[in-house]
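Please read the structure below before turning to the comments.
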Amino acid sequence: MSFSIVGTGSALPDRVVTNGELSSFLDTSDEWIRTRTGISERRVCTTETLDELASAAAEQALESAGARASELDLIVCSTTTSDHLLPAEACAVAERIGATCPAFDVSAGCAGFVFALDAAEGWFARDRARRVLVVSAEKMSRILDWSDRATCVLFGDGAAAAILEQGGDGPLSLRLSTRANTSDLNVPGIAGSSPFDRTEHPASLVEMRGRSVFRFGVMSVVSEVQAMSAEAGVGVSDIDHFVFHQANERILDAACERLGLEPGRVAHTLADTGNMSSACIPYALDRLARAGELCEGELVALVGFGAGLDVGSALLRWGSPRG
Ligand code: UT7
């Protein structure tokens with residue numbers, strides 16, 4: 001049983017942090033950040049909680065789908081930066097929007113939105129759900145080492161959501177994979193206070209081997225687009241929109257060059273938001289949808305990659321079932 005995305009929404013914190021502001025306390029520059037990453041500014045939470053951002057994105061998605069929270073059969077949230085270790089961020093969203101359906105989180109790094117789509121697809125396939133909210137929400141600012149110029153300049157906070165309805169003829173392809181590796185991108189866990197614990201506890205801050213993840217990102221985007229196209233029996237040139245994880249403009253450029261994609265078909269949202277981990281893909285979808293650039297029946301390819309090292313890709317036909 002298939003599904004379609006019938007509504008999207010997003011929410012960003014108010015505070016804009018420019019590259020110039022970062023260079024006032026880090027040994028970096030606007031020029032380095034823009035030319036090496038494509039990022040000009042990002043949003044960072046000050047008074048906003050992740051619960052608030054995630055719920056605001058969810059409510060906007062419900063509104064754009066013309067649906068009510070009481071009509072949801074499932075909420076899946078992708079996050080690695082929840083306001084709570086317990087309960088799941090999805091439970092906080094359910095409480096805030098007034099939903100009564102099951103709610104749980106998935107943790108799959110920057111590929112989290114596609115992993116959440118896959119979880120939802122299982123519920124549609126088993127006929128357990130007719131309408132699902134997928135919300136991806138990340139407060140990266142809480143896990144960044146703000147003294148490490150190699151990582152903190154890259155990320156931002158934000159949330160984005162999609163309403164999925166059972167039916168339609170998609171996804172044409174939905175692929176998950178893990179090249180198991182915890183050292184290229186890692187946030188060590190919480191120390192706790194067990195008097196029995198004799199293990200090491202580095203700070204719970206992002207550690208990343210940037211160059212290695214960069215290569216993995218380019219390779220993943222290229223191979224996933226080719227694999228989805230072969231699986232679905234459509235040419236890469238038949239795909240109308242490409243929404244890749246927004247980690248670095250140079251990753252997008254290298255992948256597009258290898259795939260022969262014209263720039264106009266590829267989403268670019270990184271400049272104003274930085275890397276919002278799993279929220280990047282649904283955020284880009286929401287921007288495209290609100291700009292009227294996604295038309296009923298068009299093919300949209302998604303590829304997320306990141307910590308894990310997890311990769312999730314999906315080829316969707318935009319729009320369709322309502323009700
Ligand atoms: O969403 C999760 C996935 N994450 C990613 O996909 C990130 C992928 N990786 C990247 O985007 C890039 O590897 C980075 C943006 C992280 C780094 O770019 P790079 O071109 O790979 O730079 P590099 O790590 O090779 O560093 C080059 C130089 C180094 O200085 P030296 O050793 O050559 O003197 C760094 O210390 O750039 C220096 N550097 C900086 N300089 C100014 C690193 N960060 C900065 C900075 N400002 N913010």
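In each ligand, atom 1 is the first atom listed, and ligand 1 is the first ligand listed.
Of all atoms in ligand 1, numbered sequentially from 1 with element shown, those under 4.0 Å from a heavy atom of Cys110 are 1 (O), 2 (C). Atoms of ligand 1 found under 4.0 Å from any heavy atom of Met208, numbered from 1 in the order shown, are 4 (N), 7 (C). Listed by atom number, the atoms of ligand 1 under 4.0 Å from Thr28 heavy atoms are 42 (C), 46 (C), 47 (N), 48 (N). Listed by number with element, the atoms of ligand 1 under 4.0 angstrom from any heavy atom of Ile251 are 6 (O). Less than 4.0 angstrom separates some heavy atom of Val213 from each of these atoms of ligand 1: 3 (C), 4 (N), 5 (C), 6 (O). Atoms of ligand 1 lying under 4.0 Å from any heavy atom of Asn248, numbered from 1 in the order shown and given with element: 10 (C), 11 (O), 12 (C), 15 (C). The Arg250 neighbourhood of ligand 1 comprises atoms 18 (O), 19 (P), 20 (O), with distances under 4.0 Å to a heavy atom of that residue. Residue Arg36 has at least one heavy-atom neighbour below 4.0 Å for each of these atoms of ligand 1: 19 (P), 20 (O), 22 (O).
With respect to atom 6 (O) of ligand 1, the closest heavy atom belonging to the protein is Ala247 CB, 3.2 Å. Nearest non-hydrogen protein atom to atom 9 (N) of ligand 1 is Gly210 O, 3.0 Å. Nearest to atom 35 (C) of ligand 1 among the protein's heavy atoms is Arg149 NH2, 3.8 Å.
With a 4.0 Å heavy-atom cut-off, ligand 1 is reached by the side chain of Leu185 but not by its N, CA, C or O. Of the heavy atoms in Asn275, only side-chain atoms (C-beta onward) come closer than 4.0 Å to ligand 1.
The main-chain N or O of Leu299 is never found under 3.5 Å from a side-chain atom of Arg317 such that the two would form a donor-acceptor pair. Put simply, the side chain of His241 gets close to the backbone of Glu293: a donor and an acceptor are under 3.5 Å apart. With hydrogens and angles ignored, the 3.5 Å screen pairs a side-chain donor or acceptor of Gln246 with a backbone N or O of Thr269. Remark: side-chain polar atoms of Ser204 are paired, donor with acceptor, to backbone N or O of Pro188 under 3.5 angstrom.
Listed by chain and number, the residues in a side-chain hydrogen bond (donor to acceptor under 3.5 Å, both in side chains) with Asp272 amount to none (sequence neighbours excluded).
Within the structure, the closest approach of Ser277 to ligand 1 does not fall below 4.0 Å when heavy atoms are considered.
Polar contact check, Thr37 against ligand 1: no nitrogen or oxygen pair lies under 3.5 Å apart. Annotation: Leu154 places no N or O atom under 3.5 Å from an N or O atom of ligand 1; distance criterion only. Looking at ligand 1, you won't find any N or O of Ser29 less than 3.5 Å from one of its N or O atoms.
Neither side chain, Thr37 nor Asn248, offers a donor N or O lying under 3.5 Å from an acceptor on the other.
Cluster partners of Leu26 are Val17, Leu22, Phe25, Trp32, Ile33, Ile39, Val44, Met140, Ile143, Leu144, Trp146, Val153, Leu154, Phe155, Leu185, Val187, Val206, Met208, Val213, Leu270, counting Ile, Leu, Val, Met, Phe, Trp and Tyr whose side-chain heavy atoms approach within less than 4.5 Å, directly or via other members.
Taking the six-membered ring where tryptophan is involved, the planes of Trp123 and Phe104 are tilted, since the angle between them lies from 30° to 60°.
Note on Val311: it clusters hydrophobically with Leu252, by side-chain heavy-atom contacts below 4.5 Å among ILVMFWY residues.
Summarising the geometry, atom CG belonging to Asp286 is positioned 9.5 Å from atom CG belonging to Leu294; distances are rounded to the nearest 0.5 Å.
Taking 4.5 Å as the limit, every side-chain heavy atom of Phe3 sits out of range of all side-chain heavy atoms of Val132.
By heavy-atom distance, the residue among Phe305, Trp32, Phe214 lying nearest atom 17 (C) of ligand 1 is Trp32.
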